[in-house]
Protein chains: 4
Amino acid sequence: MNKVILIGRLTRDPELRYLTSGAAVATFTIAVDRPFTNQQGERETDFIKIVTWRKLAENCANNLNKGRLVGVSGRLQIRSYEGEDGQRRWVTEVVADEVQFLDWPKDRSGGFDSNEYEDFGSDPGGEPSDDLPF
Amino acid sequence: MNKVILIGRLTRDPELRYLTSGAAVATFTIAVDRPFTNQQGERETDFIKIVTWRKLAENCANNLNKGRLVGVSGRLQIRSYEGEDGQRRWVTEVVADEVQFLDWPKDRSGGFDSNEYEDFGSDPGGEPSDDLPF
Amino acid sequence: MNKVILIGRLTRDPELRYLTSGAAVATFTIAVDRPFTNQQGERETDFIKIVTWRKLAENCANNLNKGRLVGVSGRLQIRSYEGEDGQRRWVTEVVADEVQFLDWPKDRSGGFDSNEYEDFGSDPGGEPSDDLPF
Amino acid sequence: MNKVILIGRLTRDPELRYLTSGAAVATFTIAVDRPFTNQQGERETDFIKIVTWRKLAENCANNLNKGRLVGVSGRLQIRSYEGEDGQRRWVTEVVADEVQFLDWPKDRSGGFDSNEYEDFGSDPGGEPSDDLPF
DNA sequence: TTTT
DNA sequence: TTTT
């Protein structure tokens with residue numbers, strides 16, 4: 001079990017790349033305020049890296065930008081990589097499988113049908129929730 | 001472990017009551033859209049009962065109303081009660097310990113300092129997160 | 001956003017059915033202890049209905065039984081149905097997309113490769129998490 | 001909103017310290033397996049740092065050790081600190097407010113009443129969940 | 001630096 | 001490196 005759920009604002013526009021395999025990856029950081037103030041009476045903020053893949057990546061890159069409020073759900077991942085100096089470094093990031101746009105402008109012309117996107121490898125099924133024998 | 005995290009809109013204004021013990025309780029229902037459409041191509045919605053206690057109850061009653069968008073975190077609770085007809089019934093509800101106001105009007109005069117409220121029995125402590133020896 | 005995460009024990013063996021469409025559905029209830037005691041000093045328990053679909057349903061039916069400890073992640077769903085008396089009733093249940101077996105006996109002969117099952121409609125992809133250009 | 005829920009095994013015994021303020025802090029790392037295998041067919045693991053405070057810290061230090069299975073709930077925190085070389089570094093960790101012991105040996109003599117610990121600054125209240133007028 |  |  002590895003679940004992360006966050007609500008925060010993008011600190012910059014998302015960055016979209018394509019791997020040599022053709023897979024789309026979008027990355028961005030969100031600012032999440034802590035629910036309490038510190039001993040100096042200031043509200044602190046965590047800046048959390050988000051990674052999204054495939055269709056979800058493209059949806060984020062096309063629809064989100066700096067300052068937007070999002071709900072994110074995913075898993076916490078720790079990746080190690082080689083620094084420029086040859087040293088091993090670690091990055092912690094949230095690999096999102098769901099991003100919900102929370103302050104989408106209502107008067108936006110040019111439609112799309114949802115403010116919530118999920119990362120499925122393919123058609124998720126969807127349960128025929130009615131007609132159940134219980 | 002019993003965690004529920006929801007984002008949805010209030011279907012009505014919250015109802016605030018006081019128990020004979022003096023404890024404040026606020027209840028409301030939020031509409032949460034399902035992330036996919038059903039076989040008829042319609043987007044379905046779950047209507048989920050939320051219960052809040054004490055200071056959080058009063059904050060919700062004072063600041064929220066029908067249509068507002070909230071993030072809720074809490075636990076799932078199943079309560080049985082005696083119906084008017086003497087029959088035993090069950091209610092399922094989310095007992096919230098955190099409610100975050102997500103579409104608070106910016107131009108609102110008359111201040112309060114946060115859009116996020118938690119239900120602590122008392123001062124939660126707050127970790128001195130700096131000056132750690134690691 | 002609609003996320004539920006629970007840890008609890010099965011109150012009975014799972015029930016497995018097949019809809020006329022051929023889709024497998026397994027249902028069971030888990031007992032989840034509350035983290036605190038009530039005013040009489042007793043620890044209370046919530047009994048929460050879980051529904052699983054497709055491959056995950058079959059995995060649960062084949063591998064779980066009464067008393068087993070599981071971690072469950074999914075979404076909260078409220079369904080209405082017609083009672084035998086013609087009255088409309090509501091059921092609240094957690095539609096699980098992930099079930100983790102937490103007290104799997106180690107000495108079990110006859111292998112399977114994981115104690116964690118997820119409900120994907122299909123191949124979930126799996127991110128090529130290495131070789132990233134960041 | 002900033003929620004993390006994990007199930008994993010301790011990679012070492014917890015380390016307990018006391019700040020000059022007298023506050024107890026316990027730290028440990030848990031190994032969390034990813035739900036799928038990578039392109040080489042191997043199951044990968046994330047090693048995630050957990051921090052606990054006060055009574056919860058002491059409970060963890062007294063009752064947990066290397067290899068134990070735990071459920072953890074808390075928030076994701078990113079802290080910056082000065083490295084020995086004068087460079088600014090970042091640590092990402094989960095500040096836990098709840099730790100549930102999942103493979104506690106049953107035959108353990110010497111009792112304690114719960115396998116679940118929460119970090120409250122003080123008495124959490126506890127809702128009188130019966131006798132509600134609804 | 002890692003657990004079963 | 002950060003958002004409102």
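So that the names make sense, note that chain A is the first sequence line, chain B the second, and so on, each numbered from 1.
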Taken to the nearest whole Å, CG/C:Asp103 to C1'/E:dT4 is 14 Å
Among the nucleotides F:dT1, F:dT3, E:dT3, which one has an atom lying closest to any side-chain atom of A:Asp33?
F:dT3
What's the closest nucleotide to the side chain of A:Arg88 if the choices are E:dT1, F:dT1, F:dT3?
E:dT1
Whole-Å distance between F:dT3 P and A:Arg9 CZ?
12 Å
Rounded to whole Å, how long is the line connecting atom CD1 of A:Ile30 with atom C1' of F:dT2?
12 Å
In whole angstroms, how far is the C1' atom of E:dT3 from the CZ atom of D:Arg43?
14 Å
Using whole Å, what does the distance between atom C1' of nucleotide F:dT4 and atom CD of A:Glu44 come to?
17 Å
Can you tell me which nucleotide in F:dT3, F:dT2, E:dT3 comes closest to the side chain of D:Thr11?
E:dT3
Can you tell me if the side-chain N/O atoms of A:Arg68 get under 4.0 Å from OP1 or OP2 in F:dT4?
no
Ignoring hydrogens and angles, tell me if any N or O in the side chain of D:Asp103 forms a donor-acceptor pair with the backbone of D:Leu69 under 3.5 Å.
yes
Under 3.5 Å: donor-acceptor pair, side chain of A:Asn2, backbone of D:Leu6
no
Expressed in angstrom and rounded to an integer, what is the separation of D:Arg89 atom CZ from F:dT1 atom P?
12 Å
Does any N or O in the side chain of A:Gln100 come within less than 3.5 Å of the main-chain N or O of C:Met1, such that one atom is a donor and the other an acceptor?
yes
Just how far, in rounded Å, is P of F:dT3 from CZ of A:Arg12?
9 Å
Distance-only donor-acceptor test (3.5 Å): side chain D:Thr45, base E:dT3
yes
Just checking A:Arg12: does its CZ atom have more than 12 heavy atoms from other residues, nucleotides or ligands closer to it than 6.0 angstrom?
no
When you look at D:Val51 and D:Phe28, which way does the side-chain contact (heavy atoms from CB on, under 4.5 Å) test go after all the steps?
CA-CA 7 Å; D:Val51 183; D:Phe28 52 93; over 6 Å; no
Of the options F:dT2, E:dT1, E:dT4, whose atoms approach the side-chain atoms of A:Thr29 most closely?
F:dT2
Could you state the NZ-P distance from D:Lys66 to E:dT1, rounded to the nearest angstrom?
16 Å
